[in-house]
Colleague: 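Input: one structure, supplied below.
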Amino acid sequence: MSIIVEKYGGTSVGSIERIQSVSKNVAKQVRQGYKAVVVVSAMSGETNRLVALAKSMTARPSDREMDTLLSTGEQVTIALFALALQNLEIPAQSFTGFQVPIVTDSVHSRARITNIEVESILAVLNAGKVAVVAGFQGINSTNEITTLGRGGSDTTAVALAAALKAKECRIYTDVDGVYTADPRVVEGASRIPKITYEEMLEMSGSGAKVMQIRAVEFASKYEIPLRVLSSFEPDEGTIITKEEDIMEQPKISGITSVDGEAKVTVRGVPDRPGIAYSILGPISDAHINVDMIVQNIGTDETTDLTFTVNQDDLHTALDVLAPVVRELDAETVVGDKNLAKISVIGVGMRSHAGIATTMFKALAEKGINIQIISTSEIKISVTIDREYRELAVRTLHSAFRLEERGKKE
Ligand code: ASP
Ligand code: MG
């Protein structure tokens, strides 16, 4: 008998009615002969409510107490979910993270899973029961409660699926899959039937918010097929899997966009070895994440170096670089906010020429100015004025004919 892991997010367990409704879905899988492990999030809004409670107590709640507090959200849901299954005459047993146990490191509020002991869950499954496991929480080696970071239940589900060698890990959410673009921006956006782990990682890193990125990394590492589907109307959803399992690769899988990017340019830097290090070293020491980096070809023995950061980090970045500019005897450092990054993603890029040309031509035809370009093997990203973000996404979606994408497979 195969094991499946089904994860239900906050909106899917947001009320008693929702829990009753999705538990019927689990009952169906059990009656079809699957051994089911259910992983749940806190009821929607609950984690935020708990965060607000702590913040009203103190401006800087300690990480340890935060984890103890936030883990209660999921504990409520596992018990209610098990009761809902029992109501349907499906034997079920709830597990907190420490009852499993799901062992993590000690980094409170963003712990990493180091080990899952599956014996207790297997015993429950073998006794013909459903195991209902609290997502997002674990326990460290000294029995402290830890949490995995916001959205961490996805990671719990995938890690359990890997540890239990499950046939599939299903992530039930409020959308019915991964789309070729944000359907709120592009009317013709279509559901992608199958996508590779690599593409999904690029999509999540470039603005598509379907799943916690670590969950996808985990699934990829252990080759667990992941399915994202709606808990309201369960359909085929989107399967995230390895490249070999996808017969016909389209050129492009999707278009993503991120707002709130800023660019920093250091002008007139003497062109000599160690420049990139002297500029980007202090930025990384200040814990600022750098995304795209461009260094121009030097002229007159000087060069310009441009990089992008999150808009919220722009001020700090400029402050950090002011003394560096003096030290290096560079001309100046300037910042520019209000950028958006648009990415075109697809493993098919590896075997098809001309993707970049299609992209740049389509943007040019709309008079959208490209500021920075960066590429990877399966992604081309450009930054543009934030004002044109939606237009750019729509333009590229139709330039690559993605409306037809979902219908083909
Ligand atoms: N309840 C946690 C959160 O809201 C974990 C999760 O939902 O995955 O972030
Ligand atoms: Mg969630």
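Atoms considered below: every heavy atom in the structure, side chains included; atoms not considered: hydrogens, waters and symmetry mates. Computed from a prediction, not measured in an experiment: that's the story for all the values here. One-based numbering, in listed order, for ligands and for the atoms of each.
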Colleague: Once rounded to the nearest 0.5 Å, what's the spacing between atom OG1 of Thr196 and atom CD1 of Ile240?
Modeller: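 Taking OG1 in Thr196 and CD1 in Ile240, the distance rounds to 9.5 Å.
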
Colleague: May I ask whether Gly151 places a heavy atom under 4.0 Å from ligand 1?
Modeller: yes

Colleague: Find all atoms of ligand 1 within a distance of less than 4.0 Å from any non-hydrogen atom belonging to Ser41, and give their numbers and elements.
Modeller: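 Reading through ligand 1 atom by atom, the close ones are 6 (C), 7 (O), 8 (O).
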
Colleague: Quick check: are there more than 12 heavy atoms from other residues, nucleotides or ligands sitting under 6.0 Å from CD of Gln75?
Modeller: no

Colleague: For Gly149 and ligand 1, does the shortest N/O to N/O distance drop below 3.5 Å?
Modeller: no

Colleague: Distance under 4.0 Å to a non-hydrogen atom of Arg150: what atoms of ligand 1 satisfy this?
Modeller: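 Result: 3 (C), 4 (O), 9 (O).
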
Colleague: For Arg110, is the CZ atom crowded, meaning more than 12 foreign heavy atoms sit under 6.0 Å from it?
Modeller: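 Counting neighbours around CZ of Arg110, 12 or fewer heavy atoms of other residues, nucleotides or ligands fall under 6.0 Å, so no.
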
Colleague: Verify the ring-centre separation between Tyr172 and Phe232: is it less than 6.0 angstrom?
Modeller: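 Not under 6.0 Å, so no.
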
Colleague: Atoms of ligand 1 less than 4.0 Å from Phe136 heavy atoms?
Modeller: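 Within the 4.0 Å cut-off of Phe136, ligand 1 contributes 2 (C), 5 (C).
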
Colleague: With backbone taken as N, CA, C and O and side chain as the heavy atoms from C-beta onward, which portion of Gln212 lies under 4.0 Å from ligand 1: side chain, backbone, both, or neither?
Modeller: neither

Colleague: May I ask you to check if ligand 1 and Asp154 share an N or O to N or O distance below 3.5 Å?
Modeller: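 Min N/O separation from ligand 1 is not below 3.5 Å for Asp154.
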
Colleague: As an exercise, state the distance from CD of Glu65 to CG of Leu70, rounded to the nearest 0.5 Å.
Modeller: 11.0 Å

Colleague: Geometry only, no angles: is Thr47 polar-contacting ligand 1 at N/O separations under 3.5 Å?
Modeller: yes

Colleague: Take every heavy atom of Gly152, measure it against each atom of ligand 1, and state whether any distance is under 4.0 Å.
Modeller: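 In this structure, Gly152 qualifies as a contact of ligand 1 - some heavy atom is under 4.0 Å.
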
Colleague: Look at Lys194 together with Glu236 and state whether they make a salt bridge at an N to O cut-off of under 4.0 Å.
Modeller: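 Salt bridge absent between Lys194 and Glu236.
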
Colleague: Taking atom NZ as the centre, does Lys379 end up with more than 12 heavy-atom neighbours from other residues, nucleotides or ligands that are less than 6.0 angstrom away?
Modeller: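 Yes, because the 6.0 Å sphere around NZ of Lys379 holds more than 12 heavy atoms from other groups.
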
